[in-house]
Amino acid sequence: MGTAPGRRSSGRGPTPATEMQQADTKKKTATSGGALSAERLHALLHDLAVELERGRHETLEVHPDSRLDRDLGIDSLARVQLSLRLERAFGVRLADEALLEAETPADLLAALRAATPESVAETPATVTPAVGGAARAAPADTATLIDVLEYHATRHPDRPSIRCLSGGGKEDTITYAALWDGAQRISAGLRARGLAAGQAVGLMLPTGRDYFEAFFGILLAGCVPVPLYPPLRRAQIEEHLRRQAAILRNAQTPMLIAMPDAGLFAQVIRALVADLRHVVTPRELRRDGPASARPVLGADDVALLQYTSGSTGDPKGVVLTHANLLANIRAIGRVLRATPDDVTVSWLPLYHDMG
């Protein structure tokens with residue numbers, strides 16, 4: 001097509017058509033492989049932020065010092081999508097820690113530039129052997145989560161219960177026997193510190209062996225787990241603990257099990273939560289020794305206090321019994337026709353209401 005009458009090109013700038021082509025090219029390069037640059041990273045972040053909140057397309061600007069969470073709305077769950085897009089766009093697989101610690105686009109850019117050739121290369125796929133061997137689901141009349149775990153630990157102790165996969169491709173396989181043993185040691189530590197059956201225990205840990213052992217250890221002691229969001233970045237631990245104090249106060253928790261860094265602010269959080277006496281790590285809590293008599297639990301005993309995040313108001317809690325949780329688990333199993341030979345993959349955080 002030629003130039004429309006009366007609209008001859010002056011040669012001093014792009015025509016509207018070329019501007020559209022340039023914008024389209026810029027958008028494509030932001031999501032396809034190529035050289036790393038601040039401009040491409042900002043375009044990628046802009047596209048993701050607009051998808052998360054429609055209507056910001058005209059007003060949203062990305063600067064090197066923009067806050068990923070506050071200014072761009074990229075929260076902990078959205079960072080999973082961000083990780084995938086960074087990998088596709090730049091061929092770099094950032095470690096989980098680097099992605100979570102980044103607060104601004106400038107932080108992300110520095111982490112991407114510091115990536116070694118090993119982190120850029122694709123991690124070779126590893127094939128984990130299938131879960132084999134004779135196994136049966138726990139009987140339908142098993143009343144509590146602890147009864148289910150004990151059933152499996154007794155009948156097939158060496159069978160994998162959970163496989164935790166890290167961003168670096170490492171795998172930590174936890175057998176039923178190991179999970180049962182770890183839970184007993186945590187339970188012994190809780191009782192040694194004077195916790196009584198029915199008391200709530202805050203649980204602020206990332207997904208991993210420590211979390212699972214602590215969760216079942218709390219139940220084994222007859223106490224009630226209260227999962228809490230762990231802080232995304234070490235620099236914000238104190239601020240994060242202050243936000244979580246409302247949940248700890250509401251649940252009247254005498255103990256918080258957390259990562260080592262949280263212990264630095266134990267005095268701060270204890271001042272905010274009158275009932276809180278202990279802030280400990282799983283390592284500090286584990287205790288060897290002969291197993292002592294554990295509290296007798298029933299289907300109607302509380303197994304979990306699930307709170308909302310508190311991002312839009314005061315955190316609200318829901319009381320879930322062992323019967324509630326097992327009914328939900330069994331219903332999912334029936335619908336999916338799950339068998340002991342099946343493997344379920346989940347990326348949901350354990351502190352999330354669907355995790």
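The chain is numbered in sequence order, starting from 1. The analysis underlying the following values was restricted to heavy atoms, covering all of them including side chains, and did not include hydrogens, waters or symmetry mates.
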*Determine, for R193 against E284, whether the closest basic-nitrogen to carboxylate-oxygen distance falls under 4.0 angstrom.*
no
*Does a salt bridge link E103 with R70, judged by any charged N lying under 4.0 Å from a carboxylate O?*
no
Heavy-atom closest contact ([X] atom, [Y] atom, distance):
X: F212; Y: L350; answer: CZ-CD1, 3.7 Å
X: D341; Y: R159; answer: OD1-NH2, 3.6 Å
X: I269; Y: A245; answer: CD1-CB, 3.9 Å
X: S161; Y: L179; answer: OG-CD2, 3.9 Å
X: I186; Y: A214; answer: CG2-CA, 4.1 Å
X: A251; Y: L305; answer: CB-CD1, 4.1 Å

Point-to-point distance, once rounded to the nearest 0.5 Å, from [atom1] of [X] to [atom2] of [Y]:
X: Q81; Y: L86; atom1: CD; atom2: CG; result: 10.0 Å
X: D210; Y: L203; atom1: CG; atom2: CG; result: 9.5 Å
X: L68; Y: L45; atom1: CG; atom2: CG; result: 6.5 Å
X: I257; Y: M255; atom1: CD1; atom2: CE; result: 6.5 Å
X: E39; Y: H46; atom1: CD; atom2: NE2; result: 14.5 Å

Can you get from [X] to [Y] by hopping between Ile, Leu, Val, Met, Phe, Trp and Tyr side chains that sit under 4.5 Å apart?
X: V318; Y: L145; value: yes
X: Y151; Y: I146; value: no
X: L84; Y: L41; value: no

*Flag side-chain contact, heavy atom, 4.5 Å: P254 against L195*: yes
*Would you call the rings of Y176 and H152 parallel, tilted or perpendicular if under 30° counts as parallel and over 60° as perpendicular?*
parallel
*Hey, which of V201, V273, V226, L228 is the one that makes side chain to side chain contact (heavy atoms under 4.5 Å, CB included) with L256?*
L228
*Going by atom types only, do E171 and T173 share a side-chain donor-acceptor pair under 3.5 Å?*
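Side chains of E171 and T173: pair found under 3.5 Å.
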*Under 3.5 Å side-chain donor-acceptor pair for S83 and R79*: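 No.
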